[in-house]
Number of protein chains: 2
Amino acid sequence: MTLDERKKKVLQAIIRDYISTAEPVGSRTIAKKYELGVSPATIRNEMADLEELGYIEQPHTSAGRVPSDKGYRYYVDCLMGKKKISEQEEGIILGGYKAKVKDMGTVLRQTNSILSGITNYTSIVMGPQYTTSNLRYVQLVPLDSNKALVLVVTDSGLVQNKILELPQSVNEVDLQKISQIMNAKLQGVSLDQIKLTLIKEIYDELSKHKHIFDAAMDMIQETLDLNHEEKVYLAGTLNILNQPEFRDLTRVRTLLSLLEQDKVLKEILNDGSHAETGISVTIGAENRVDGLQDCSTITATYQIDGRTIGSVGIIGPTRMDYEKAVCIVEFMTSHLSKIMKDFYGH
Amino acid sequence: MTLDERKKKVLQAIIRDYISTAEPVGSRTIAKKYELGVSPATIRNEMADLEELGYIEQPHTSAGRVPSDKGYRYYVDCLMGKKKISEQEEGIILGGYKAKVKDMGTVLRQTNSILSGITNYTSIVMGPQYTTSNLRYVQLVPLDSNKALVLVVTDSGLVQNKILELPQSVNEVDLQKISQIMNAKLQGVSLDQIKLTLIKEIYDELSKHKHIFDAAMDMIQETLDLNHEEKVYLAGTLNILNQPEFRDLTRVRTLLSLLEQDKVLKEILNDGSHAETGISVTIGAENRVDGLQDCSTITATYQIDGRTIGSVGIIGPTRMDYEKAVCIVEFMTSHLSKIMKDFYGH
DNA sequence: GTTAGCACTCTATTAGGTCGAGTGCTAAAT
DNA sequence: ATTTAGCACTCGACCTAATAGAGTGCTAAC
């Protein structure tokens with residue numbers, strides 16, 4: 001399984017060249033551009049070996065070689081160095097966050113647009129889950145005689161709202177009272193526990209206020225029937241049009257229609273295994289999502305106070321500049337964690 | 001300027017045929033498919049006239065004719081009938097709104113996806129402007145010792161939130177007090193008036209609470225420094241890939257990169273002249289947005305209580321099925337107005 | 001005013017031919 | 001035993017010419 005030194009160099013040269021040119025690379029090119037000190041013929045032999053081992057393949061007989069998924073995998077795991085982000089890139093990233101950012105949605109959207117802009121790939125950012133956050137504040141705001149707006153705020157700064165229809169019997173004072181009771185009972189409780197354990201306590205409390213009892217219970221039920229879905233943001237879909245592998249319209253359509261589905265985006269982000277390194281590279285057929293077999297994804301998570309609350313990722317062709325992409329995703333997530341800490345951390 | 005009866009029929013036939021086949025249409029086709037009772041030669045003469053008048057044009061000498069912008073304009077204004085929406089379509093639209101919709105963002109997003117789904121074009125939906133709404137409720141929710149969440153609710157049910165950094169000196173009670181003052185002074189006031197006239201009153205009120213005066217003024221300033229931009233939603237961008245006129249990747253890219261910019265989307269929606277009919281069709285070069293000269297847009301507005309609060313639109317090639325599209329956009333906006341009224345109207 | 005007939009124009013498609021990049025193999029050189 | 005030079009071979013990319021077909025405009029007859 002372990003390749004000798006020269007084979008590594010050849011493989012590396014092939015991959016580097018292919019990444020930058022998108023053309024199958026021949027023995028001659030390698031001998032000329034990458035100074036290995038051997039002739040094309042020798043390289044041809046090495047390439048034949050590499051092909052037999054499955055690291056590269058030939059589109060057709062009289063063409064150069066192209067890395068296979070296995071080849072890329074080897075490159076990512078063993079060959080590529082760990083690059084440091086350039087000062088210029090760092091400048092773009094830091095400058096991309098406008099000073100006045102003050103709400104989570106905007107932070108995530110900006111992150112996303114910086115990420116896709118700087119990598120030239122498509123990027124995804126997933127926001128915090130509501131389930132793992134704690135309730136900070138809940139309020140019923142009367143809109144008119146039979147409608148109220150429900151506001152629910154979590155301690156990670158997420159806000160949800162919806163319209164609630166009011167029974168005739170309920171007035172503004174009642175709403176205020178119900179809000180108070182909910183706040184008193186539910187503040188600091190994690191959202192996924194609320195339903196199970198605490199409704200009863202409120203129930204008891206409410207029975208002291210008989211006249212609005214029934215209506216109030218219904219309203220509380222509905223107030224807490226929140227949308228638990230995380231938000232996913234997508235940016236830079238256009239970038240795939242710059243990739244020569246997507247000159248084919250059918251492919252573009254297939255990929256774009258996948259990326260339109262939030263479900264798929266979440267799948268992509270969750271399929272990465274971030275347990276150990278924090279950053280995960282999934283290459284070609286390794287992708288579990290159907291239709292993504294020609295793509296690679298790089299995903300990572302971000303944290304508040306050490307707790308993982310969301311993830312970001314980029315999607316590109318398997319012919320991706322892994323070295324640069326990994327380094328940027330790494331920097332972006334750590335920076336995002338920092339921002340999150342400043343805004344929402346303790 | 002007014003065409004004789006037969007010319008109208010010929011023009012209509014050409015447009016109908018071209019809309020459905022996307023192929024230049026010849027005299028023979030028309031004579032065969034559309035029973036005008038005359039021979040191809042006669043139709044050829046009529047076509048030559050129509051071309052001279054600018055209603056149709058020839059891609060090249062030995063091809064059929066294609067409608068020009070002027071031709072489409074005539075069709076839209078004079079030739080096409082007013083179609084009634086089919087029961088099937090109505091079913092899809094009504095069913096597209098899930099029962100549980102309770103917040104404005106979701107309503108608009110669903111509207112958008114129904115619209116693009118049913119027309120097979122790209123659709124845009126623009127939400128209410130904040131400026132024209134009245135403030136209903138404002139609240140500062142403490143998150144931790146030096147951060148608070150600002151909530152601002154308007155009477156059209158829009159919610160905005162952001163994080164505010166607190167000076168050391170301010171405690172929870174102060175926040176509550178400030179919220180109260182703001183509510184007392186600002187409820188019911190239109191958002192675009194708030195800055196100019198009312199800060200002073202709050203100023204006076206606050207001077208009674210000396211110890212937090214400076215901090216409070218700053219915070220109120222920042223609280224009311226809202227993002228006044230309307231939200232714009234985009235859906236069905238993929239649909240343009242189904243249009244034969246967008247088989248060319250460069251075109252796709254041009255259009256998609258336009259549609260990525262919210263500014264452009266708003267321009268499209270605002271360029272329509274909805275004053276009279278409520279629905280506006282803009283054809284090809286009539287579009288003011290650069291790069292949209294091969295597209296047509298159909299836009300309309302929706303209302304709450306007779307007041308226009310937002311607009312929707314669709315974008316497709318000039319070879320658009322105007323009859324169907326107009327009818328659907330019309331139905332959708334009137335239905336959306338109805339929904340809005342139920343949720344947010346008086 | 002309408003129609004049939006016909007020559008003409010222009011594109012799209014196909015087939016054939018050439019070019020060139022790159023390979024694999026063999027035999028000589030190191 | 002490894003490396004290299006040389007060479008025949010393969011196969012896609014590109015160009016060219018030829019052909020087919022759709023549709024027109026014009027003319028002359030109806």
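Remember, predicted model here, so these are calculated numbers, not experimental data. First the proteins, then the strands, lettered A, B, ... as listed; each starts at 1. Atoms considered below: every heavy atom in the structure, side chains included; atoms not considered: hydrogens, waters and symmetry mates.
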Next item on the list: Mind checking the NZ-OG spacing from A:K32 to A:S27? Nearest 0.5 Å is all I need.
Entry: 10.5 Å
Checklist line | Value in whole Å for how far the P atom of D:dT3 lies from CD of A:E46 | finding: 7 Å
Next item on the list: Only counting residues at least two apart or in another chain, list the ones meeting side-chain contact (heavy atoms from CB on, under 4.5 Å) with A:K33.
Entry: A:D17, A:T21, A:T29
Next item on the list: Would you indicate which nucleotide in C:dT2, C:dC10, D:dT3 comes nearest to any side-chain atom of B:H60?
Entry: C:dC10
Notebook entry, point to check: B:D49 CG to C:dT2 P: how many Å, rounded?
Noted result: 11 Å
Margin query: Against B:E323, only a single residue in B:K84, B:R16, B:K82 fulfils salt bridge (Lys or Arg N to Asp or Glu O under 4.0 Å); can you say which?
Written below: B:R16
Check: Atom CZ of A:R6 and atom C1' of D:dA1: how far apart are they, to the nearest Å?
Finding: 12 Å
Margin query: Measure CD1/A:I43 against P/D:dT4 and give the value in whole Å, please.
Written below: 9 Å
Check: When the distance from CG of B:L50 to P of D:dG25 is rounded to whole Å, what number comes out?
Finding: 12 Å
Next item on the list: May I ask you to decide if A:G284's main-chain N or O and A:N287's side chain share a donor-acceptor pair within less than 3.5 Å?
Entry: yes
Check: Got a sec, which residues hit side chain to side chain donor-acceptor pair (under 3.5 Å) with A:R253, two or more places apart in sequence or on another chain?
Finding: B:N242
What pairs of nitrogen or oxygen atoms, one from the protein and one from nucleotides 15-23 of chain C, lie under 3.5 Å apart?
from, atom 1, to, atom 2, distance (Å)
C:dT23, OP1, A:S27, N, 3.4
C:dT23, OP2, A:S27, N, 3.3
C:dT23, OP2, A:S27, OG, 2.8

Notebook entry, point to check: Any donor and acceptor pair, going by atom type alone, linking the side chain of B:D4 with main-chain N or O of B:R6 inside 3.5 Å?
Noted result: yes
Margin query: Expressed as a whole number of angstroms, how long is the span from B:K7:NZ to C:dT2:P?
Written below: 9 Å
Notebook entry, point to check: A:N45 has an atom CG; how far is it from atom C1' of C:dC25, in whole Å?
Noted result: 10 Å
